[in-house]
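So the structure is just underneath, and the comments pick up after that.
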Amino acid sequence: MGENPHRRGGLIMLTIAWALLFAGAYWYFQLRLTHNANPNRAEVLALQHGEVRLQRNQDGHYLAQGKINGQTVTFLVDTGATRVAMSPQLAQKLALVAGSAVNVQTANGATRAYQTRLQTVRLGSIEVHDVAALITTGLDDNTVLLGMSFLKQMEFTQRGSELTLKPLSHT
């Protein structure tokens, strides 16, 4: 006596359904984790005019997508950083030229960094020109510390889990 052909087809359909369910769940949770790590996507920030409102992530940091010299980067707002800072690998991707060496004090101790200038730094509708920056080791290759060389040109206010940046008026 032979195997029921409908049973075999049913098992195949059940296997496909489970595979699709697992793939959908994986996609959903990956998207959720990404949003929780960086709730400030470039598309959302682009809709804001005159000021930028950032939401704190699950770790208590303000991460946001932005641009350096027209290329997309992820910023980590860091009021303790004197300048905008990034890893040598990211600086190379951005085609930045390393200038003179300087000694800097970081959270990880003293290290050597290289000065550079950024033509433009854009966060949402805010764009600042000719920003001092550092290229230094010990930083995440995918994150730029958005330090005071950018932030000193902003008025910033934190209320609850929201940080508002507004360019200072130059009157």
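When a residue number appears, it is its place in the shown sequence, counting from 1.
Residues Gln65 and Thr74 bring no donor and acceptor atom of their side chains to less than 3.5 Å of each other. Donor-acceptor pairing under 3.5 Å is recorded for the side chains of Gln158 and Tyr62.
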For side chain to side chain contact (heavy atoms under 4.5 Å, CB included), just list the numbers for Arg83 and Gln115, CA-CA rounded to whole Å, side-chain angles, deciding distance to a tenth of an Å, and then say yes or no.
CA-CA 10 Å; Arg83 296 187 190 155; Gln115 299 183 73; 3.3 Å; yes
Ile68 vs Thr120, test: side chain to side chain contact (heavy atoms under 4.5 Å, CB included). Steps then yes/no.
CA-CA 6 Å; Ile68 290 179; Thr120 58; over 6 Å; no
Yes or no on side chain to side chain contact (heavy atoms under 4.5 Å, CB included) for Leu54 and Leu165, after CA distance, side-chain angles and deciding distance?
CA-CA 8 Å; Leu54 302 176; Leu165 300 173; 4.3 Å; yes
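In plain terms, the two heavy atoms of Tyr114 and Ala98 that are nearest each other are CB-CB, 3.8 Å. Met154 and Leu168 make their closest contact through C-CG, 3.8 Å (heavy atoms, listed as atom of the first residue, atom of the second, distance).
For the pair Arg122 (side chain) and Gly124 (backbone), a donor-acceptor distance under 3.5 Å is present. Side-chain N or O atoms of Ser149 include one that pairs as donor or acceptor with a backbone N or O of Val84 at under 3.5 Å. Panel note: side chain Asp59, backbone His61; no donor-acceptor pair is recorded below 3.5 Å. The backbone N or O of Gln119 sits less than 3.5 Å from a side-chain atom of Asn69, completing a donor-acceptor pair.
Val104 and Leu151 fall into different hydrophobic clusters, where Ile, Leu, Val, Met, Phe, Trp and Tyr side chains are chained together by heavy-atom contacts under 4.5 Å.
Of the residues Asn142, Thr136, Val73, Leu118, the one that meets the side chain to side chain contact (heavy atoms under 4.5 Å, CB included) test with Met86 is Leu118. For the side chain to side chain contact (heavy atoms under 4.5 Å, CB included) with Thr116, the lone residue among Val131, Leu134, Leu96 that qualifies is Leu96.
Residues Val52 and Thr164 have side chains not in contact (no heavy-atom distance under 4.5 Å, counting atoms from C-beta outward).
Taking OG of Ser125 as the start and NZ of Lys166 as the end, the distance is 11.5 Å to the nearest 0.5 Å. Separation of atoms CG (Leu63) and OG1 (Thr143) is listed at 6.5 Å; rounding is to 0.5 Å. If you take NZ on Lys152 and OG1 on Thr82, they are separated by 10.0 Å, rounding to the nearest 0.5 Å. The distance from atom CD1 of Ile135 to atom CD of Gln92, rounded to the nearest 0.5 Å, is 10.0 Å. Put simply, CZ on Phe150 and CG on Asp78 are 13.5 Å apart, with the number rounded to the nearest 0.5 Å. Within the model, atoms CZ of Phe156 and CD of Glu51 stand 14.5 Å from one another, a figure rounded to the nearest 0.5 Å.
For Gln71, the side-chain contact (heavy atoms from CB on, under 4.5 Å) partners two or more places apart in sequence, or in a different chain, are Leu94.
Taking a 6.0 Å sphere around CD of Glu127, one finds it holds more than 12 heavy atoms contributed by other residues, nucleotides or ligands.
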